Amino acid sequence: MTSTAALQWFRDMLFAAVVAASPAVLSVVIVGLIMAILQAATQVNDQAVAFGPKAIAVIVALSLGGAFTLETAADFTSSAIRAIADVTPR
């Protein structure tokens with residue numbers, strides 16, 4: 001395996017991880033922004049107030065996007081396993 005191929009696999013792995021985590025991360029960012037605006041408007045500066053909605057957002061995002069996340073991880077894993085035959089010496 002050349003260093004170029006190893007770097008390509010590393011890039012593919014990072015891309016798959018980012019894509020798989022995106023539903024949960026995006027939902028937390030959106031809910032966090034909304035909660036920050038609400039806390040600034042009401043002058044309630046307690047971090048515990050925003051935890052509940054963020055936790056619920058992650059649960060909903062993983063429930064709705066779980067199949068997408070699993071499919072992304074499974075596609076990368078299957079392509080990595082298929083590529084093992086090309087890496088091993090014959």
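All residue numbers refer to positions in the sequence shown, counting from 1. Just so we're clear, the structure is a prediction, and the values are computed from it rather than from any experiment.
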Would you list the pairs meeting ring-ring contact (aromatic ring centres under 6.0 Å, His included) in which at least one residue belongs to residues 26-46, sequence neighbours left out? none
Residue pairs involving residues 9-24 (criterion side chain to side chain donor-acceptor pair (under 3.5 Å); sequence neighbours excluded): Q8-R11, Q8-D12
So, using side chain to side chain contact (heavy atoms under 4.5 Å, CB included) as the criterion, who are the partners of V25 when residues are at least two apart? A21, V29
Which pairs count as ring-ring contact (aromatic ring centres under 6.0 Å, His included) when at least one residue sits in residues 13-34, sequence neighbours excluded? none
Review item, side-chain donor-acceptor pairs of residues 30-43, under 3.5 Å, at least two apart:
{"unit_1": "Q39", "atom_1": "NE2", "unit_2": "D46", "atom_2": "O", "d": "2.8"}
{"unit_1": "T42", "atom_1": "OG1", "unit_2": "L38", "atom_2": "O", "d": "2.8"}

Could you see if F76 belongs to whatever hydrophobic cluster contains L14? Use Ile, Leu, Val, Met, Phe, Trp, Tyr and a side-chain cutoff under 4.5 Å. yes
Ignoring hydrogens and angles, write down the donor-acceptor pairs under 3.5 Å from the side chains of residues 55-68, residues two or more places apart or on other chains.
{"unit_1": "S63", "atom_1": "OG", "unit_2": "I59", "atom_2": "O", "d": "2.8"}

Given 3.5 Å as the limit, does a donor-acceptor pair link the side chain of T69 with the main chain of A20, or not? yes
